[in-house]
Amino acid sequence: MNPLLDFSGLPRFAEVKPEHVAPAVEQLLEENRALVARLLTDASPLQHGEEESLDTEGAAGRPLPQSAGFASNVSQSPPTWDNFMQPMDDANERLSRAWGQVGHLNAVMNSPELREVYNANLPKITQYYAELGQNLELFNKVKAIRSGAEFATMNATRQKIIENELRDFRLSGAELPDNQKARFLAIQEELSSLSSRFSDNVLDATNEYSWLVTDEAELSGIPADERQVAAEAAQAEGKTGWLFTLKAPSYGPLMQYADNRALRERLYRAYATRASETGKADFDNTPLMTQILKLRAEEAQMLGFANYAELSLASKMATSPQQVMEFLRELAQRARPFAERDLDELREFAKTQLGLAKLESWDVGYASEHLRQQRYAFSEQEVKQYFPEDKVLPGMFKVVESLYGLSVRPSQAPLWNEAARFFDILDTDGKLVGQFYLDMYARNSKRGGAWMDDAITRRRIASGIQTPVAYLNCNFAAPVGGKPALFTHDEVITLFHEFGHGLHHLLTQVEDLGVSGISGVEWDAVELPSQFMENFCWEWNVLQDMTRHADSGTTLPRALFDKMLAAKNFQSGLQTLRQIEFSLFDMRLHGDYDPSSNKTIQQLLGEVRDEVAVLVPPAFNRFPNSFSHIFAGGYAAGYYSYKWAEVLSADAYSLFEENGVLNMAVGLRFRNEILAVGGSRDAMQSFVAFRGREPTIDALLRHNGLADEKLAA
């Protein structure tokens with residue numbers, strides 16, 4: 001039996017092989033297209049329980065029976081939720097779950113064989129969904145439900161799904177003339193392929209580079225545990241010395257601590273030019289970016305939008321590119337005086353204390369760490385010793401217990417790698433609420449960054465409520481020397497962030513697929529629960545329960561915590577402008593940039609930096625070539641979402657600050673009004689239901705240390 005066609009429980013990762021992918025995809029697409037054909041000719045009602053037979057028959061890998069919940073010899077019935085929406089959900093969920101496993105494995109256990117079969121089948125998946133979105137007959141069925149008598153009797157959740165479906169049909173080209181639909185479909189397929197290649201190129205370019213240091217004197221300043229990681233990396237490749245790579249756990253500490261300026265510059269150049277024309281031609285993302293932008297612009301124009309930014313915002317909280325630009329520019333104006341102060345201080349320190357007459361980009365992390373140490377009398381390396389994995393995870397889980405009355409327990413499931421783990425979330429009665437995989441460590445077969453994805457989504461099926469399951473992925477350094485992995489405080493924040501996404505998916509109470517968990521949530525609001533969780537990493541009564549020194553076993557001293565808190569907004573002006581730079585670049589790239597003009601993408605980025613940046617990278621920097629968020633990760637004309645949602649999360653957290661940060665009453669209110677409702681209502685409605693009013697920017701400015709009226713003036 002093909003494990004990808006088993007939907008009876010958790011994915012069977014240990015059994016999935018590349019040769020399973022194509023047969024599973026072909027069978028599911030064939031079944032789904034047959035279903036669509038039947039729905040368009042016969043929409044007779046499903047009998048109760050027949051939707052479950054679709055799951056069990058499909059799970060066994062056998063063809064679905066001809067009747068499969070539909071009678072082929074009766075007259076056509078008006079479309080309803082039960083005879084149209086429900087069977088479509090059932091079929092598309094099976095495809096989504098099967099392909100989701102393939103996509104997940106391609107991201108965390110990438111291999112030439114898996115990549116080949118993934119890229120070969122991706123166009124088929126893309127084509128199928130594009131065909132659905134363009135199918136005018138299906139669109140008319142949904143419109144018939146919307147205008148029919150049943151709509152008024154539906155609950156608000158199902159009404160929201162119907163409205164979303166109508167919007168998405170329009171955005172997918174359903175109303176295009178037939179002679180344009182083939183071109184629109186081709187655009188979707190090509191965009192999907194180009195985005196996958198973009199991501200592959202970044203991974204390959206990152207993996208390809210390494211630098212071996214053979215003289216230990218060149219490692220001055222780099223902490224002992226980071227040297228040990230580099231030494232073990234060299235040994236793993238049969239080399240003697242210390243091997244450094246462009247993966248975050250290796251690259252980050254080197255840039256932060258290495259006294260060797262030439263070594264920092266070497267690694268910086270390699271990192272800043274990944275997937276560009278300076279390296280292997282096969283990995284160069286430059287032509288891909290132009291192609292992607294041209295196709296997105298064409299797609300938007302076909303749908304009647306002036307540009308892709310307008311198309312992207314059609315399903316977000318923000319109403320127009322102009323509104324987003326005004327938001328970003330206002331925030332930039334508020335942050336700029338603080339950023340200028342940060343940079344002046346850093347340059348003066350680098351010059352007088354480090355002997356660096358000119359502060360270069362490869363000096364920034366190094367000089368910042370030394371300035372932080374001098375000003376606040378601690379280093380990130382010192383703090384890192386207090387955050388072992390076996391204390392951080394229970395401490396994070398205790399926050400969930402305190403806020404929501406839930407418990408997190410280790411559990412068992414088939415895994416893709418021995419380093420991955422699996423957990424259950426239980427309510428006070430011991431009932432299973434949700435489950436999640438946790439894969440924390442970096443490796444060559446895993447794409448960079450940190451992310452959450454859904455494996456199974458909560459919904460009601462004939463046998464009851466389907467338990468939601470999530471993937472949580474990070475790229476931290478693995479344990480060395482038989483000791484637990486140690487995390488920097490920034491990594492702890494990253495872990496809390498992804499867990500916040502996971503809780504959004506897992507704690508939903510919605511019973512219909514289209515708006516359950518993170519489904520249907522506006523993209524610029526989806527970061528609210530994740531950024532909200534980050535706040536707890538700065539609370540003393542939270543950190544006390546998640547720290548233990550790697551050597552002495554003592555908990556984090558209050559004096560060191562106070563220093564961390566004092567340094568919390570260290571260089572927040574610079575960091576804020578950096579995020580605004582990326583966001584404004586993204587919005588302009590998809591708003592007013594013409595990829596067919598003589599202006600290059602790099603030149604546009606230069607214009608954005610001239611407007612908002614105070615710290616400008618060197619000319620050779622090719623940041624856009626590895627900007628996977630917007631070229632391969634779903635954030636196109638949406639990167640501003642991080643700052644947009646930060647306003648929401650800071651304001652939401654302020655209610656906890658007013659009532660006690662681990663106040664269960666406020667926690668349950670957040671769970672019920674934000675997490676539980678998923679996408680079943682507009683994000684602004686959910687925020688107002690929780691906070692009692694619309695959000696303001698004040699809490700964000702205060703949290704980021706940007707509220708000093710004297711400096712801002």
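Sequential numbering from 1 along the given sequence is applied to the chain's residues. Keep in mind that what you see is a predicted model, and the values were worked out from it rather than measured. The figures that follow rest on heavy atoms only: side chains count, while hydrogens, waters and symmetry mates do not.
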- request: Of all the heavy-atom pairs spanning L565 and W538, show the shortest one and how long it is.
  value: CD1-O, 3.9 Å
task: Verify, without hydrogens or angle tests, whether Q603 (side chain) and T600 (backbone) share a donor-acceptor contact under 3.5 angstrom.
output: yes
message: Between R115 and D204, does any NZ, NE, NH1 or NH2 come within less than 4.0 Å of an OD or OE carboxylate oxygen?
response: yes
Distance-only donor-acceptor check, side chains Q579 and T576, under 3.5 Å: no
message: Under a 3.5 Å threshold, yes or no: a donor from one side chain and an acceptor from the other, between D586 and Y640?
response: no
- request: Give me the ring orientation class for F627 and H629: parallel if the planes are under 30° apart, tilted from 30 to 60°, perpendicular past 60°.
  value: tilted
field: Salt-bridge criterion met for R269 and E265 (N-O under 4.0 Å)
entry: yes
task: Kindly indicate whether a cation-pi arrangement holds for R375 with F570, taking the cut-offs as under 6.0 Å to the six-membered ring centre and within 45° of the axis.
output: no
query: Can you check whether Y635 and Y642 have ring centres sitting under 6.0 Å from each other?
result: yes
message: Under a 3.5 Å cutoff, is there a donor and acceptor pairing between the side chains of N285 and S626?
response: no
- prompt: Between W211 and F244, does the ring centroid distance fall short of 6.0 Å?
  reply: no
Side chain to side chain donor-acceptor pair (under 3.5 Å) between E491 and T494, worked out: CA-CA 5 Å; E491 288 172 335; T494 296; over 6 Å; no
- prompt: Parallel, tilted or perpendicular for Y653 and F656, by the 30°/60° rule?
  reply: parallel
- prompt: What's the shortest heavy-atom distance between N475 and P249, and which atoms?
  reply: O-CG, 3.1 Å
message: Between D259 and Y366, does the side chain to side chain donor-acceptor pair (under 3.5 Å) criterion hold? Intermediate values first, please.
response: CA-CA 8 Å; D259 295 329; Y366 176 77; 2.6 Å; yes
task: Establish, from distance only, whether the side-chain atoms of E646 and Q531 form a donor-acceptor pair under 3.5 Å.
output: no
- prompt: Salt bridge or not for R421 and D439, using N-O below 4.0 Å?
  reply: no
message: Does the Lys NZ or Arg CZ of R274 fall within the cation-pi geometry relative to Y271 - under 6.0 Å from the ring centre and within 45° of the axis?
response: yes
field: Donor-acceptor pair between D284 and T286 side chains, under 3.5 angstrom
entry: yes
- request: Would you check if there is a donor-acceptor pair between the side chains of Q381 and D225 at a distance under 3.5 Å?
  value: yes
task: Answer with yes or no whether the side chains of N704 and N569 bring together a donor and an acceptor at under 3.5 Å.
output: no
message: Ignoring hydrogens and geometry beyond distance, is a side-chain donor-acceptor pair present between H549 and Q385 at under 3.5 Å?
response: no
task: Kindly confirm or rule out a cation-pi arrangement of R548 over Y386, judged by NZ or CZ under 6.0 Å from the six-membered ring centre and within 45° of its axis?
output: no
- prompt: Does R296 make a cation-pi contact with Y308 (under 6.0 Å, within 45 degrees of the axis)?
  reply: yes
query: Taking the six-membered ring for Trp, are Y251 and Y268 ring centroids under 6.0 Å apart?
result: no
message: Taking R702 first and then D698, would you say they form a salt bridge - that is, a charged N and a carboxylate O separated by under 4.0 Å?
response: no
query: Has R227 got its NZ or CZ under 6.0 Å from the middle of the six-membered ring of W242, at an angle within 45 degrees of the ring axis?
result: no
statement: Scanning both residues in full, the closest heavy-atom pair of L313 with A637 reads CD2-O, 4.0 Å
message: Assess whether a salt bridge exists between K563 and E382, defined as any Lys/Arg side-chain N lying under 4.0 Å from an Asp/Glu carboxylate O.
response: no
E369 side chain to Q373 side chain, donor-acceptor N/O pair below 3.5 angstrom: yes
message: Does this structure show an ion pair linking E380 with R372, if we count only N-O contacts that are shorter than 4.0 Å?
response: yes
- request: For the pair K599 and D594, find out whether any cationic side-chain nitrogen is under 4.0 Å from an anionic carboxylate oxygen.
  value: no
S368 versus Q571, side-chain donor and acceptor atoms under 3.5 Å: yes
message: Can a side-chain donor-acceptor contact be found between S312 and K316 if the only test is distance below 3.5 angstrom?
response: yes
S276 backbone acceptor or donor facing T273 side chain under 3.5 Å: no
task: Kindly say whether the aromatic ring centers of H370 and F349 come within a distance under 6.0 Å.
output: no
message: With side-chain contact (heavy atoms from CB on, under 4.5 Å) as the criterion, how do R347 and K358 come out once you've worked through the C-alpha distance, each side chain's angles and the decisive distance to 0.1 Å?
response: CA-CA 8 Å; R347 283 174 171 159; K358 182 181 180 183; over 6 Å; no
- request: Assess the side chains of K446 and N417: does a donor N or O sit below 3.5 Å from an acceptor N or O?
  value: no
- prompt: Where does the angle between the aromatic ring planes of W540 and F561 fall among parallel (under 30°), tilted (30 to 60°) and perpendicular (over 60°)?
  reply: tilted
